Structures are given as structure tokens and as C-alpha cells.
Protein chains: 2
Amino acid sequence: MNYDEAKNKFISTWGSLGTLWGINKAMAQIHALLLISPESLSMEDIMEQLQISRGNTSMNLRQLMDWGIVFKENKMGERKEYFTSEKDVQELARQIAKERSRRELQPTIKILKDVSNIDEDGTAKTKELIKQTKALHEMADTLDILMNRVIGQDHNWITKALVKLIK
Amino acid sequence: MNYDEAKNKFISTWGSLGTLWGINKAMAQIHALLLISPESLSMEDIMEQLQISRGNTSMNLRQLMDWGIVFKENKMGERKEYFTSEKDVQELARQIAKERSRRELQPTIKILKDVSNIDEDGTAKTKELIKQTKALHEMADTLDILMNRVIGQDHNWITKALVKLIK
DNA sequence: TCAAACTTTCAAAAAATATTGAAAGATTAA
DNA sequence: TTAATCTTTCAATATTTTTTGAAAGTTTGA
């Protein structure tokens, strides 16, 4: 496998993987491209390399910046904007964990809390609903605490967490 | 909030959440419904309660069984098939973690390994590609080990993992 | 063997999601 | 102020994903 093959394989794999951490293909591909580019890239560069439209590029870059994993850069004497991604993969993971907790886990926890707080009326179906949503609520809470714990740690958290768990 | 409101809220929340652990709405809703039903349900029951077609119900039930979180049940003297879900939420989480590792993490690890093994040709772009995919590979590996570690633990793993990490 | 009761399959339709590209909006330099 | 350069917006279009429902398939009892 040569450089171009490897690059394309990486970009397309990362792209299809994107859907499963909740971002679309173009967004994930832009991120992949920036991640492996030694230099920051302009919108034109990205459009050309990934063969996507200007509008698409613009919108997805904005989303990546909202996630806090891509940054704008301005080069002296140039009006054009350039983009780079977070290059430290552990920092990347922390940022993603943080955003997912905020966007998904926390709203879910709130709803589970509300649902599990309905009045117990003695019927089996109500009992079961309360019991299961309580259990989910508890688990989601624990997971969120765990994630935040992990986010608060330093750069080698993943390895450290592993070491702790293996002990 | 009364029972029916709470039930609908839970089912629709779980449904939209589904997309972010990689399953579609109907599949997640069927799962939610089974999770809070004290009795097992027939295909008719599910179709009626969620207002979805027979084909849809059939296909998604199969997928849930493939994930190992929904089971078929046969009642004596009845030809119809009934379905229940895994009711222990920690077991549910373990099962999901196991499947996601198998379906997503492991194939990704393989590709990252291949990509990071291309020949170093001295150029900056090749160096960067190798460096970043190696870092991702390492992280994915660690995560997979961590997940499997956790899957292998007993039913209170989440709490135990938390306790360990907090120490 | 047949027919009733049930489930699965899959092509077509519908719905949801992503993408395009041209117009409008900014920003800067002259 | 104007023109040049670049970015954003968004309605229209394209693509992907999900859902439907009827036909085919399966199982069981008589």
C-alpha cells in the first residue's frame, strides 16, 4: 500500500465510522483529512481533495469547530482562512467524550429522571416502567460521572484508566 | 405525568437515542417497549402499540435478536411467537459493548494497523499519516482491551469500575 | 395431503438526511 | 466608495435509509 492508497483508505474508513459517533460522512472525512495533514488547509484545498461542494465544506467545518476539534488559522498576508484539527488523539477523545456527554447523555438523564418519577399506582406495568427507567437512570448517571472523571484527567488518561482497571 | 405519557416519552426518547448507538428508530423503540413490558409481547402487540408494519417489526426483531438483547419465547398451546428483552440493564450494556467492539472497533483496528504500516518515505505527509494512524491504533487497542476487561466482569461492573477510577 | 395460522422476504414508496451551487453577506485594500 | 476576495446561507436536488404491504415461505394439526 502506497501513501495515496493509505490516505484514501484512512479517510474513507474514518468517514463511514463517523456515522457511529454521530457525525456525518463529509464531516468525518474533513476531520480525517485535517488530522493527517502536516499543514493547515484552506477551504479550496479541502473541496478539491474530498471532491465536495463549497457549501458542504463550509457547514461541516463549522460543526467541527463547534465540537472543538477543528480550528481556524489565519496566515499573515493572506485573506483566506486555513483549518487544522486537534492533533493529539487523546485530547481529541477527551473533547469528543465531553461533547457527547453534554449533547446526549445529560439530556437523556433528565428524561429518565422525569419518567422514573411518575406515581406508583400498584399495577405491574407501572412498577416495571419505574424499575427499568430507574435502573437506566442510575447507569447513565454513573457513566456520566465516570466520563467526566476521565475527561478531567491528564493526557495519558486512557492508559492510566486501563492500568487501574486491570489491577 | 401519568403512565401513558411516561411510557410514550420513554419509548420515543429511546427511539431517537438509538441512532447514536447505531441502531434505527423502530429497532430502538421495539427494544424500549419490550424493556418496560412485564409480559412478553407478540408481533401483533408490537405492531399495534408502535403503529408499525409487520415487515418492519419482523426485520427489527431479528436484528435485536442478533444483538443478543431480545429473545423469542413460545407459549404452550400457542403457535404465535412472543418476545422479551434482556431486563438486566447492566447485562444489556455488556452485551451492547461486546457487539460494538466486534462490529466496529475490531474492524477499525485492523484498518488502522494496515494504514500505519505503509513504508516511511521521508516526506512530511507520510510521517504525519503514520504518526496519527499509529496513535489512533494504539488508542483503539487500549479501548478494546478496556471494554473487554469490563465485559468480562460481573454484574456490578459499572459501579466497580467507577470506584476504581475514583480511588 | 390440505388449509389455517403465523413469519419472512423484498421491490416499491416514503421519509429522512446530506449535498449542491448560486445568491447574499462579509471583509479588506485601494 | 468600489471592487475584489472570500465565506455563509438556504432552497432545490440527490442520496441514503427506513418503512410498507403483499406475496412467498414455514409450521402445525386434522
Side-chain angles (χ1 to χ4, degrees), chain A residues 11-34 39-67 70-84 103-104, chain B residues 11-34 39-67 70-84 103-104:
Chain A
I11 288 174
S12 75
T13 304
W14 208 239
S16 36
L17 231 65
T19 55
L20 52 84
W21 48 281
I23 70 175
N24 73 38
K25 202 182 74 176
M27 191 173 153
Q29 290 191 343
I30 293 172
H31 176 251
L33 176 61
L34 291 174
E39 307 292 339
S40 56
L41 301 179
S42 68
M43 245 175 62
E44 301 284 343
D45 295 334
I46 296 169
M47 287 166 60
E48 194 194 344
Q49 291 211 42
L50 301 179
Q51 293 291 316
I52 57 178
S53 72
R54 185 175 298 284
N56 201 358
T57 308
S58 169
M59 287 177 125
N60 285 117
L61 277 171
R62 173 129 70 95
Q63 287 216 71
L64 285 164
M65 290 188 284
D66 288 347
W67 271 80
V70 160
F71 316 102
K72 238 180 222 177
E73 243 178 31
N74 283 299
K75 295 198 178 177
M76 293 180 321
E78 289 217 53
R79 193 181 287 188
K80 219 182 291 186
E81 293 175 326
Y82 287 81
F83 301 89
T84 350
R103 292 169 194 230
E104 299 151 17
Chain B
I11 289 175
S12 75
T13 305
W14 209 240
S16 37
L17 231 68
T19 54
L20 52 83
W21 47 282
I23 71 175
N24 74 38
K25 202 183 73 176
M27 191 171 153
Q29 289 192 342
I30 293 172
H31 177 251
L33 177 61
L34 291 173
E39 307 293 338
S40 57
L41 301 178
S42 68
M43 244 174 63
E44 302 284 343
D45 295 335
I46 296 169
M47 287 166 59
E48 194 194 342
Q49 292 211 42
L50 300 179
Q51 294 290 317
I52 56 178
S53 71
R54 186 175 298 283
N56 201 357
T57 309
S58 170
M59 286 176 125
N60 284 117
L61 276 171
R62 172 129 72 95
Q63 286 216 74
L64 285 165
M65 291 188 283
D66 289 347
W67 272 79
V70 161
F71 315 103
K72 239 181 223 177
E73 246 179 28
N74 283 299
K75 295 200 178 176
M76 291 182 322
E78 289 217 54
R79 194 180 285 187
K80 219 182 287 181
E81 293 175 326
Y82 287 81
F83 300 89
T84 348
R103 293 170 194 230
E104 299 150 18

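Side chains are part of it too, since the values below use all heavy atoms of this structure and drop only hydrogens, waters and symmetry mates. Predicted model, so just to flag it, every value in this text is computed and none were measured. Chain letters run A, B, ... following the sequence lines, proteins first, then strands; residues in each count from 1.
- Distance from the side chain of B:M59 is smallest to C:dC10 among C:dC10, C:dT20, D:dT8.
- If you check C:dT7, C:dT20, D:dT20 against the side chain of B:E81, the one that comes closest is C:dT7.
- Nucleotide C:dT20 holds its C1' atom 18 Å from the CD atom of A:E48, rounded to whole Å.
- For C:dA4, the base has a donor-acceptor partner in the side chain of B:R79 [N/O atoms by modelled type, under 3.5 angstrom].
- Each of B:S53 and A:M43 has a nearest nucleotide on DNA chain D; the 5'-most of these lies closest to A:M43.
- Distance CZ (A:F83) to P (D:dC6): 13 Å, rounded to an integer number of Å.
- Of the candidate nucleotides C:dT19, D:dT7, D:dG21, D:dT7 has the atom lying nearest to any side-chain atom of A:K80.
- Nucleic acid contact for B:N56: base, since at least one base atom lies under 4.0 Å from a heavy atom of the residue.
- Taking only side-chain atoms of B:S58, from C-beta outward, the nucleotide of D:dT19, D:dT20, C:dT9 with the closest atom is C:dT9.
- For the OP1/OP2 pair of D:dT9 and a distance below 4.0 Å, the side-chain nitrogens and oxygens of A:R62 include at least one atom meeting the criterion.
- Contact of the B:L50 side chain with the B:N56 side chain is not registered, since no non-hydrogen atoms from C-beta on lie closer than 4.5 Å.
- Residue B:N60 contributes atom CG, which lies 15 Å from atom C1' of C:dT7 at whole-angstrom precision.
- Sequence order on DNA chain D of the closest nucleotides to A:R54 and B:A26 puts A:R54 first from the 5' end.
- Shown here for B:M43 and B:T57, the closest heavy-atom pair between the two residues is CG-CG2, 3.7 Å.
- For the pair A:W67 and A:M27, the minimum side-chain heavy-atom distance is below 4.5 Å.
- A donor-acceptor pair is defined here as one N or O able to donate and one able to accept, closer than 3.5 Å; no such pair exists between the side chain of B:D66 and the backbone of B:Q63.
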